[in-house]
Amino acid sequence: VITVNRLLLDGFGLHIDASGKADNLIKDPAIEAKVAGNLNIAKALGLIPKRLPFSLSGRIGINTDMKFALSDFSVKTFHKIKLNGNITADNIRYFVPKDSMQVFVDHSILKFGTDSKITGADGILRNMLMASISLASLAVTDPITEITATNARFGVGARGNVKNLMDTTS
């Protein structure tokens, strides 16, 4: 067993704070970890010596916990992976001068999870696999098109009992 109480990476626009443990390293490595952090996109892209044909700035954040074994990464066992958390995007600005395309995201949150719970109309507590995204505001423009959205929310999920959600044989 290898345990990392805290791993901190900080610099060049990147901040990652992680902890976790790895077990059964020889036969079938199993990982349990928590990862939180953020990336200042413009600062990180500033490290690239070549001038890019676009500009990109903003901040992306992550906060997640996970538990899986290497053997879980197969068609028949991927359902055993536990992964929950969110990814945030703030003040994302993308501009391509060549074709005047611009994208702006004020604030968005992508939430994902494999162990959420929901109580149905019948009063039964069920597990739910889900992913959702919420956008405070989004604007995409080019010389021909303009698309805007405010307070938009989208989500997908599958509900049922654990046995049915985890059964990939049918």
Mind checking whether Leu8 and His15 have side chains closer than 4.5 Å, heavy atoms only? yes
Please report the interatomic distance OG(Ser19) to CD(Glu32), rounded to the nearest 0.5 Å. 9.5 Å
Are Ile41 and Ile16 co-members of a hydrophobic cluster defined by side-chain heavy atoms under 4.5 Å apart? yes
Leu83 versus Phe112: any side-chain heavy-atom pair under 4.5 Å? yes
So CD1 of Ile60 and CG of Leu14: to nearest 0.5 Å the spacing works out to 11.5 Å
Linking I/L/V/M/F/W/Y whenever their side-chain heavy atoms sit closer than 4.5 Å, directly or via other members, would Phe54 and Ile92 fall into one cluster? yes
In terms of heavy-atom contacts, Leu25 and Ala22 come closest through CD2-CB, 3.6 Å
Are Ile31 and Ile2 connected in the hydrophobic side-chain network, where two residues link if heavy atoms are under 4.5 Å apart? no
Single-linkage hydrophobic cluster Phe95~Leu56, side-chain heavy atoms < 4.5 angstrom: no
Mind checking whether Met66 and Val35 have side chains closer than 4.5 Å, heavy atoms only? yes
Does the side chain of Asp17 reach to within under 4.5 Å of the side chain of Arg6, using non-hydrogen atoms? yes
Would a 4.5 Å heavy-atom cut-off, applied to side chains only, mark Asn91 and Phe104 as touching? yes
Only pairs under 3.5 Å count here: list side-chain donor-acceptor contacts from residues 130-149, not counting sequence neighbours, and write none if there are none.
unit_1 : atom_1 : unit_2 : atom_2 : d
Asp142 : OD1    : Ile144 : N      : 2.8
Asp142 : OD1    : Thr145 : N      : 2.6

Atom CG of Asn63 and atom NZ of Lys111: how far apart are they, to the nearest 0.5 Å? 11.0 Å
Sorted by chain and number, sequence neighbours left out, side chain to side chain contact (heavy atoms under 4.5 Å, CB included) with Asp90 holds for Thr88, His107
Nearest non-hydrogen partners of Ser71 and Asp28, listed with the distance: OG-OD2, 2.5 Å
From Asn84 CG over to Thr64 OG1, what is the distance, rounded to the nearest 0.5 angstrom? 7.0 Å
Test of understanding: clusters of I, L, V, M, F, W, Y form through side-chain heavy atoms closer than 4.5 Å, transitively. Do Phe154 and Val103 belong to the same one? yes
